[in-house]
Amino acid sequence: MHSSPLLPSPPENEAELLQRAQRLAGQTFAALAAQLNLPIPPNLKRDKGWVGMLLELHLGASAGSKAEQDFAHLGIELKTIPVDAQGKPLETTFVCVAPLTGNSGVTWETSHVRHKLARVLWIPIEGDRGIPLADRRVGSPLLWHPSEEEEQQLREDWEELMDMIVLGQVERITARHGAWLQIRPKAANSKALTEAIGQHGEPIMTLPRGFYLKKSFTGPLLARHFLM
DNA sequence: TTTTGATCATAT
DNA sequence: ATATGATCAAAA
């Protein structure tokens with residue numbers, strides 16, 4: 001037996017999306033799950049993307065989607081971000097997979113990172129593990145786009161990291177590189193491998209990586225929102 | 001306590 | 001294996 005939840009259709013425009021997001025603010029995960037007849041996992045250990053999917057469903061994002069923005073017709077990407085009681089991020093934010101091959105001619109202007117971060121609807125969520133998942137609440141949404149200064153720094157980080165990838169130094173990249181963007185593993189486990197460029201230009205197999213936004217970037221971004 | 005590297009589920 | 005959604009947890 002399965003339920004027949006009433007799923008929201010994609011929002012017609014930006015105002016409708018924001019209205020829906022603001023309507024979710026203050027609600028508990030239990031309440032949102034109940035509205036869709038979804039079971040609540042005991043914790044996020046084996047359901048790390050559960051909250052993100054829950055909000056996607058409520059906002060009418062294309063579930064199980066392709067490599068695109070969540071609301072492609074609006075040019076908006078949805079990101080849930082776990083925060084503590086002070087509103088500070090508890091985790092970094094995954095942006096997209098880092099391309100390790102086929103990068104000749106790729107520029108910041110055409111990069112997936114720039115596209116994904118062009119417009120982001122940030123939705124803070126309570127992430128304190130001391131709060132039962134069902135009791136955690138959704139915060140107030142923030143529709144953001146990078147300022148010229150922000151984009152410039154993101155671009156510098158991206159270019160530094162992509163240079164290392166293209167020059168066959170992917171295995172020398174650590175999470176310490178980049179001011180706001182970092183590259184870290186993004187894989188099922190440490191045995192998963194993907195093709196990359198070795199230090200002598202030869203093909204090598206290495207751990208898949210992803211671009212992430214550091215907390216030192218998202219923290220102030222959210223703080224401006226809540227202090228205003 | 002914070003950060004970095006590792007990992008989990010699902011769909012294609 | 002790659003894409004989506006991320007958080008976990010060992011190490012610093």
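By convention in this document, chain letters (A, B, ...) are assigned in the order of the sequence lines, proteins followed by strands, and residues within each chain are numbered from 1.
- Looking only at distances, no side-chain donor or acceptor of A/Lys88 sits under 3.5 Å from a matching main-chain atom of A/Ala223.
- A distance-only check finds a donor-acceptor pair linking the side chain of A/His58 to the backbone of A/Leu32 [under 3.5 Å].
- Partners of A/Lys215 by salt bridge (Lys or Arg N to Asp or Glu O under 4.0 Å), not counting sequence neighbours: none found.
- Each end of the helix from B/dT1-C/dA12 to B/dT12-C/dA1 gets its own axis from five base pairs, and the two axes differ in direction by 30°, given to 10 degrees.
- Atom-to-atom, CZ of A/Phe211 to C1' of B/dT4 comes out at 17 Å; the value is rounded to the nearest Å.
- For residues 167-178 of chain A, proximity to DNA chain C is found at no residue, defined as any non-hydrogen atom under 4.0 angstrom from a strand atom.
- Judged as a side chain to side chain donor-acceptor pair (under 3.5 Å), and not counting sequence neighbours, A/Gln86 has no contacts.
- Scanning residues 96-113 of chain A for heavy-atom distances under 4.0 Å to DNA chain B yields an empty list.
- Under the 3.5 Å distance criterion, the side-chain polar atoms of A/Asp70 are matched with a main-chain donor or acceptor of A/Leu78.
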For residues 122-129 of chain A, which side-chain N or O atoms pair as donor and acceptor with protein atoms under 3.5 Å away, sequence neighbours left out?
{"residue": "A/Glu126", "atom": "OE1", "partner": "A/Arg137", "partner atom": "N", "Å": "2.8"}
{"residue": "A/Glu126", "atom": "OE1", "partner": "A/Arg137", "partner atom": "NE", "Å": "3.4"}
{"residue": "A/Glu126", "atom": "OE2", "partner": "A/Arg137", "partner atom": "NE", "Å": "3.3"}
{"residue": "A/Glu126", "atom": "OE2", "partner": "A/Arg137", "partner atom": "NH2", "Å": "2.6"}
{"residue": "A/Asp128", "atom": "OD1", "partner": "A/Gly130", "partner atom": "N", "Å": "2.7"}

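- Between A/Leu207 atom CG and B/dT7 atom C1' there is a gap of 10 Å when expressed in whole angstrom units.
- Taking atom CD on A/Gln182 and atom P on B/dT4, their separation rounds to 6 Å, with Å as the unit.
- In this structure, A/Glu68 atom CD and C/dT4 atom C1' are separated by 12 Å, rounded to whole Å.
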Listing, residues 157-164 of chain A side-chain donor-acceptor contacts under 3.5 Å, not counting sequence neighbours, or none:
{"residue": "A/Asp157", "atom": "OD1", "partner": "A/Gln153", "partner atom": "NE2", "Å": "3.1"}
{"residue": "A/Asp157", "atom": "OD1", "partner": "A/Ala179", "partner atom": "N", "Å": "2.9"}
{"residue": "A/Asp157", "atom": "OD2", "partner": "A/Ala179", "partner atom": "N", "Å": "3.1"}
{"residue": "A/Asp157", "atom": "OD2", "partner": "A/Trp180", "partner atom": "N", "Å": "2.6"}
{"residue": "A/Asp157", "atom": "OD2", "partner": "A/Leu181", "partner atom": "N", "Å": "3.0"}
{"residue": "A/Glu159", "atom": "OE2", "partner": "A/Arg155", "partner atom": "NE", "Å": "2.9"}

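- Atom CG in A/Leu133 sits about 15 Å away from atom P in B/dA9, given to the nearest Å.
- Taking A/Lys214 as the reference, A/Gln182, A/Ser216 meet the side chain to side chain contact (heavy atoms under 4.5 Å, CB included) condition, with sequence neighbours excluded.
- A/Glu195 has its CD atom 14 Å from the C1' atom of C/dT2, to the nearest Å.
- The shortest distance between the side-chain N/O atoms of A/Lys116 and the OP1/OP2 oxygens of C/dT4 is below 4.0 Å.
- We find that CZ of A/Arg209 is positioned 13 Å from P of C/dT2, with the value rounded to whole Å.
- Under the 4.5 Å side-chain criterion, counting only non-hydrogen atoms from C-beta, A/Gln22 is in contact with A/Pro141.
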Would you mind writing out the side-chain donor-acceptor pairs for residues 193-201 of chain A within the sub-3.5 Å range, not counting sequence neighbours?
none

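- The closest side-chain heavy-atom distance from A/His177 to A/Ile183 is not below 4.5 Å.
- With rounding to whole Å, A/Lys215 atom NZ is found 15 Å from B/dG5 atom P.
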Restricting both atoms to N or O, compile the protein contacts to nucleotides 6-10 of chain C shorter than 3.5 Å, with distance only.
{"residue": "C/dA6", "atom": "OP1", "partner": "A/Thr80", "partner atom": "N", "Å": "3.3"}
{"residue": "C/dA6", "atom": "OP1", "partner": "A/Thr80", "partner atom": "OG1", "Å": "2.7"}
{"residue": "C/dA6", "atom": "N6", "partner": "A/Tyr212", "partner atom": "OH", "Å": "2.7"}
{"residue": "C/dT7", "atom": "O2", "partner": "A/Lys48", "partner atom": "NZ", "Å": "3.1"}
{"residue": "C/dT7", "atom": "O4", "partner": "A/Arg184", "partner atom": "NH2", "Å": "3.4"}
{"residue": "C/dC8", "atom": "OP2", "partner": "A/Arg129", "partner atom": "NE", "Å": "2.7"}
{"residue": "C/dC8", "atom": "OP2", "partner": "A/Arg129", "partner atom": "NH2", "Å": "2.7"}
{"residue": "C/dC8", "atom": "O4'", "partner": "A/Lys48", "partner atom": "NZ", "Å": "3.4"}
{"residue": "C/dC8", "atom": "N4", "partner": "A/Glu91", "partner atom": "OE1", "Å": "3.1"}

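- Every residue two or more places apart in sequence or in another chain that forms a salt bridge (Lys or Arg N to Asp or Glu O under 4.0 Å) with A/Arg119 is listed here: A/Glu14.
- Projected onto DNA chain B by closest heavy-atom contact, A/Ser190 and A/Lys88 fall at different nucleotides, the more 5' of which corresponds to A/Lys88.
- Looking at heavy-atom distances under 4.0 Å, A/Leu90 makes no contact with the nucleic acid at all.
- Every salt bridge (Lys or Arg N to Asp or Glu O under 4.0 Å) that A/Glu16 has, sequence neighbours left out, goes to A/Arg20.
- Side-chain contact between A/Pro11 and A/Leu74 is present, with heavy atoms from C-beta onward closer than 4.5 Å.
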